[in-house]
Amino acid sequence: MKYNFLEIEKKWQKYWRDNKTFQVSISEKPKYYVLDMFPYPSGAGLHVGHPLGYIASDIFSRYKRHKGFNVLHPQGYDSFGLPAEQYAIKTGQHPKKTTQENIDMYRRQLDRIGFSFDWSREIRTSEPNYYKWTQWIFTLMFNSFYCKIENKAKHISELINSFEKDGDNVYKNELENLDYSFTNEEWKNFNDKIKSDILMNFRLAYITDGEVNWCDELGTVLANDEIINGVSERGGYPVTKRKVKHWCLRISKYSDRLLEDLNKIDWPEPLKEMQRNWIGKSKGVSLKFEVENSDKKIEVFTTRPDTIFGVSFLTVAPEYRDLYDISSSKNRKEIEDYLKEVSVKSERDRLSDVKSVSGVFTGSYAIHPFSGKKIPIWISDYVLVSYGTGAVMGVPAGDQRDFDFAKKFKLDIPNIFDQIDISKSAFSDKTGFKLMNSEFLNGYDYETSLEIIISRIEDKKIGKSKIQYKLRDAIFSRQRYWGEPIPIYYKNDIPKNIDAIHLPLKLPEVDNFLPTKNGDSPLGNSNEWAWDEKNKKVTLNSKIDNVNVFPIELNTMPGWAGSSWYFYRYMDSKNDKKFISDETQSYWSDVDVYFGGSEHATGHLLYSRFYQKFLFDLNFLQKDEYAKRLVNQGMILGNSAFIYRKSGTSEYFSKNLINNIEFDRIRIDIKYVNTENEVDIDRLKKEDKEFNNASFHFDNEKFECIREQEKMSKSKFNVVNPDEICDQYGADTLRMYEMFLGPIEQSKPWDTRGISGVYSFLKRFWSLFFEDDKLTLTEDIPSEESLKSLHKTIKKITEDIEKLSLNTCISSFMICVNELSALKCNNRIILEQLLVLISPFAPHFAEELWSQIGNKKSIIDEKYPEFDKKYLIESEKNYPVSFNGKTKFTINLSLELDVNEIEKIVLSNEKTISILNNVKPKKVIVVPGKIINIVL
RNA sequence: GCUCGAGUGGUGGAAUUGGUAGACACGUUGGACUUAAAAUCCAAUGAGCAGUAAUGUUCGUGCGGGUUCAAGUCCCGCCUCGAGUACCA
């Protein structure tokens with residue numbers, strides 16, 4: 001019988017569907033949760049790079065199931081957010097429609113590959129019965145504050161109680177942005193608006209009015225991790241600073257826990273490192289400088305208080321809060337000019353402008369706390385408002401930026417480092433110096449001076465040790481249509497949340513869902529977007545004059561709101577009473593292995609950890625980390641084709657090829673290029689419009705086609721569609737080939753030519769079962785050799801799957817089948833076990849043969865074979881005999897021999913004698929079971 | 001700039017953690033089958049040198065040193081590429 005993969009795959013996919021094979025529920029068995037990062041259905045469809053992680057996780061899930069675990073392996077769609085909406089806008093359709101279409105396409109493509117997903121648990125973040133809970137979590141955050149004393153989130157009512165009882169006594173330290181203090185009596189007398197404003201400083205979801213990253217093209221605000229190199233991650237559009245009222249999540253309160261708990265989880269070290277850098281903890285000192293002729297003080301944050309005597313100026317950020325209080329009115333004009341100049345700069349300008357130094361003198365001076373000297377105060381945009389205190393002390397001798405600044409504006413550069421030349425650049429090392437010109441710190445090194453200065457600063461009560469984080473609060477508002485509405489309404493300007501029982505607050509239908517350049521949210525286009533507080537429902541805007549009807553927040557949530565907690569919903573996706581029942585949570589607990597790309601390191605993977613800890617604090621979750629182990633799959637790179645001008649050719653590419661012009665090469669679709677890198681010019685010119693109009697003549701003499709490896713993408717004309725591979729070779733071959741390509745976490749190029757190796761392997765395996773097209777198995781006791789081959793393979797496969805080294809698994813299968821083919825093995829015992837072994841990798845293939853050899857039940861729950869040591873015991877070893885470490889020949893010896901016996905045999909060996917040629921060896925090293933080395 | 005990660009045949013990649021470098025594949029070459037092609041099967045395949053040949057021999061894991069009986073693997077110093085980050089005081 002022939003290996004007819006198309007028929008087989010269809011048959012078994014239907015069988016699994018009909019028998020609900022992959023539907024799981026709570027059982028007596030131990031659980032195992034294998035999770036993939038769910039896709040956002042983008043419209044371009046899948047290419048062979050997408051399923052890489054899914055295949056690995058599927059193999060692992062099926063393997064764990066064979067091992068006796070009750071495996072939860074769900075899948076869903078991250079269907080809200082920018083990608084889905086951008087696609088809808090591009091194609092001029094409603095996002096609801098395109099999302100549904102894209103999901104259908106994804107599903108069709110995924111189904112062909114034979115995944116063992118439990119689709120009965122499917123979730124979509126854009127479905128009301130899902131986002132109901134996303135909104136619910138938001139209201140929890142709105143109604144919570146972070147208690148520093150207990151180091152956890154608590155309900156806001158506790159804070160209010162404390163204010164009513166003790167004023168701000170207990171939580172005074174947390175009122176960082178508030179200038180005034182209040183007693184319990186004063187609190188009670190505050191009006192609602194003031195109370196609300198004060199509480200906003202505490203709420204974990206809060207509204208604020210600060211500057212945000214604004215993207216004109218996308219018509220929305222973006223979070224820091226959505227900006228790459230000063231442009232938007234989606235689409236690469238410019239980003240500017242803009243003052244917008246927006247919601248934020250106070251993730252910064254969790255900085256330390258997010259950092260510390262990285263030690264608890266088995267995630268890839270590079271990824272943890274990225275999170276550590278993003279959180280950016282640094283220890284230092286905050287220090288107050290008096291300002292001459294002013295009540296205001298300037299507080300700076302520094303990690304180098306030891307260089308305090310090197311301070312020759314202070315610099316504050318252009319957005320510094322007390323800017324006008326600390327600057328001289330004489331300099332007003334220059335300052336305002338400078339502020340204007342800075343504000344027009346986009347994020348990208350600022351980045352590309354890092355080298356150039358700009359700033360303006362405030363006209364006033366601060367007083368050095370130890371030397372008493374007058375220090376000029378400057379304004380410069382190299383200082384960031386959002387980090388530290390928004391002000392820095394300028395130490396040109398010890399910091400390159402301060403050095404450059406001082407040079408540019410001709411400020412003092414006092415040297416405080418003995419014997420060190422700072423005429424060309426600053427000296428920023430923490431070792432290898434002794435201080436000078438530093439009064440009581442003279443002669444000390446970094447460590448010692450640090451200790452002295454900190455105690456001096458604390459004695460003088462002008463500052464204290466401080467830990468500073470780079471991690472900022474997460475901007476939560478999007479001025480977009482396709483996202484979860486934020487369940488907040490404004491009662492007399494005071495934000496109130498819609499209670500959980502009235503959720504979901506459903507996304508309204510609007511005629512125009514396009515984003516606007518002025519930042520108005522498309523939800524404003526709805527004429528039914530007001531909250532009737534009395535009847536607890538959404539009503540017409542026209543009723544807002546009514547005392548009980550109030551406007552609803554127009555912004556929607558960012559894409560990561562829905563993806564920050566979705567892995568819990570899978571456990572109990574149908575539950576409409578709770579986001580997840582205690583019972584299901586107790587059983588499924590957490591994710592055992594999470595597969596996904598490292599590009600989410602500082603986005604999704606950080607936000608979801610924050611959500612986890614928050615919900616843990618409020619006792620909704622039982623663990624404070626959700627994924628024990630994480631595997632980053634690498635990318636599969638596509639072959640892009642470029643036409644280059646050969647050197648010496650004076651001919652240029654035609655100007656008509658505008659869209660494809662990149663320097664002196666042209667990108668073309670890889671389908672026009674054959675394996676010899678020859679371009680099919682005729683077809684290219686016929687099918688490609690741009691080439692059709694081009695005056696460019698391809699000529700092998702003047703141009704050449706070169707392949708380059710890049711990320712697969714439709715726009716790069718280098719995608720390979722998994723459907724085509726399934727048509728031609730079958731899903732099992734695709735699955736195995738993707739794994740065979742290389743280590744899962746590595747990026748590796750796709751080469752369709754290589755697939756034939758895996759395909760013919762499966763065919764060879766298949767043919768072990770047949771003779772002259774008829775199933776022919778013997779029931780005899782298997783031969784020693786075949787048993788050895790099998791058990792060697794079982795051992796290797798089991799070890800490698802656990803390590804997720806799946807590429808070497810495929811090699812082992814090939815070796816085994818090669819060996820069995822050579823042995824002409826058609827033994828049932830051997831082949832049956834081998835089928836179970838390979839079933840996670842090539843499930844359709846294994847099911848088919850399993851049933852053909854007479855099994856009635858699916859192979860899916862068959863016990864995974866275990867190796868028996870007795871078949872692996874070697875009695876002999878082919879020892880390499882090396883001379884000075886270089887192997888000259890091998891000798892087959894019994895493993896029972898001891899060192900002396902081996903040495904004797906080797907030395908009397910005729911080859912040894914001839915190589916030694918009467919020279920007496922200096923030393924003979926024998927490592928039993930490994931090697932023999934003769935030292936001359 | 002800083003922080004990670006990686007450099008092994010023509011290509012993708014193996015290497016029990018210090019013990020026969022190049023497993024397993026692709027590709028290439030030769031052969032078998034075939035009128036022919038496809039498919040399949042067999043053989044060779046790191047480079048160089050010597051030999052008709054079996055074989056022998058030298059060099060070989062980015063570069064330069066070191067430790068060791070033995071280094072792709074460990075240590076020191078460089079180079080190149082990739083990823084992340086970017087005025088974080």
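The structure presented is a predicted model; accordingly, all values stated were derived computationally and were not measured. Residue numbering restarts at 1 for every chain, and letters A, B, ... go by the order of the sequence lines.
- Comparing B:A89, B:A86, B:U20 by their nearest atom to the side chain of A:W278 picks out B:A86.
- Without hydrogens or angle criteria, A:S812 side chain to A:T808 main chain gives a donor-acceptor distance under 3.5 Å.
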When you compare the protein's N or O atoms with those of nucleotides 66-71 of chain B, which come within less than 3.5 Å of each other, and at what distance?
unit_1: B:C69; atom_1: O2'; unit_2: A:N933; atom_2: ND2; d: 3.0
unit_1: B:C69; atom_1: O2; unit_2: A:N933; atom_2: ND2; d: 2.7

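- Contact annotation for A:T808: backbone-only contact, meaning every heavy-atom pair under 4.0 Å involves sugar-phosphate atoms and none involves a base.
- In this structure, CD of A:E708 is placed 15 Å from C1' of B:G82, rounded to the nearest angstrom.
- Taking side-chain N and O atoms only, A:S282 has a distance below 4.0 Å to OP1 or OP2 of B:A89.
- For the residue pair A:E876 / A:S894, no side-chain donor-acceptor distance below 3.5 Å is found, with atom types taken as modelled.
- Base pairing in RNA chain B yields stems of at least 3 consecutive Watson-Crick or G-U pairs, both distances under 3.5 Å, namely B:1-7 with B:79-85, B:10-12 with B:24-26, B:27-32 with B:40-45, B:46-50 with B:55-59, B:62-66 with B:74-78.
- Of the possible donor and acceptor atoms, none in the side chain of A:S438 sits under 3.5 Å from a partner among the backbone N and O of A:F309.
- Rounded to the nearest 0.5 angstrom, A:I755 CD1 and A:E738 CD are separated by 8.0 Å.
- Evaluated for a ring-ring contact (aromatic ring centres under 6.0 Å, His included) with A:Y737, the options A:Y729, A:F841, A:F761, A:W750 yield exactly one hit, A:W750.
- Of the residues listed (A:V758, A:I744, A:L804, A:N807), the one engaging A:M739 in a side chain to side chain contact (heavy atoms under 4.5 Å, CB included) is A:I744, and it is the only one.
- Distances shorter than 4.0 Å separate some side-chain N or O of A:Q746 from OP1 or OP2 on B:G13.
- A syn base is found at B:G9: its glycosidic angle is within 90° of 0.
- Here the nucleotide nearest the side chain of A:K763, chosen from B:G84, B:C87, B:A39, is B:A39.
- Here B:A14 is the nucleotide among B:A89, B:A14, B:G84 with the atom lying nearest to any side-chain atom of A:P743.
- Heavy atoms of A:R764 sit under 4.0 angstrom from primed sugar atoms or phosphate atoms, though from no base atom.
- Among B:C87, B:A25, B:G12, the nucleotide with an atom closest to any side-chain atom of A:D381 is B:C87.
- Between A:S252 and A:R472, the shortest heavy-atom distance links the atoms CB-C, 4.5 Å.
- Closest approach to the A:N277 side chain among B:U3, B:U58, B:C41 is made by B:U3 (side chain taken as heavy atoms from C-beta onward).
- In this model, the phosphate group of B:A14 is approached by a side-chain N or O of A:N807 to a distance below 4.0 Å at OP1 or OP2.
- One finds no side-chain N or O of A:R276 lying less than 4.0 angstrom from the OP1 or OP2 phosphate oxygen of B:C4.
- Proximity of the aromatic rings of A:Y3 and A:F765 is defined here by a centroid distance below 6.0 angstrom, and this criterion is not met.
- Among the heavy atoms of the strands, none lies under 4.0 Å from A:S882.
- Shown here, B:U55 is classed anti by the O4'-C1'-N9-C4 or O4'-C1'-N1-C2 angle, which is more than 90° from 0.
- Using P as the reference atom, B:A38 and B:G51 are 38 Å apart when rounded to the nearest Å.
- Base contact: A:K470 has a heavy atom under 4.0 Å from a base atom.
- Closest-nucleotide positions on RNA chain B for A:G390 and A:S760 were compared, and the one nearer the 5' end corresponds to A:S760.
- Spacing between B:A6 and B:C59 at atom C1', rounded to whole Å, works out to 25 Å.
- Taking the six-membered ring for Trp, A:F867 and A:Y871 have ring centres at least 6.0 Å apart.
- Positionally, the nearest nucleotide of RNA chain B for A:E269 lies more toward the 5' end than for the other of A:E269 and A:Y469.
- Ranking B:G13, B:U40, B:G19 by closeness to the A:P749 side chain, first place goes to B:G13.
- Spacing between B:G82 and B:G18 at atom C1', rounded to whole Å, works out to 29 Å.
- Phosphate contact (OP1/OP2 of B:A89, side-chain N/O of A:Y382, threshold under 4.0 Å): absent.
- With 3.5 Å as the limit, one finds a donor-acceptor pair spanning the side chains of A:S286 and A:E299.
- Annotation: B:G46 and B:G12 have their C1' atoms spaced 16 Å apart (nearest Å).
- The aromatic rings of A:H604 and A:H600 lie perpendicular to each other, with more than 60° between the two planes, well past the 30° mark.
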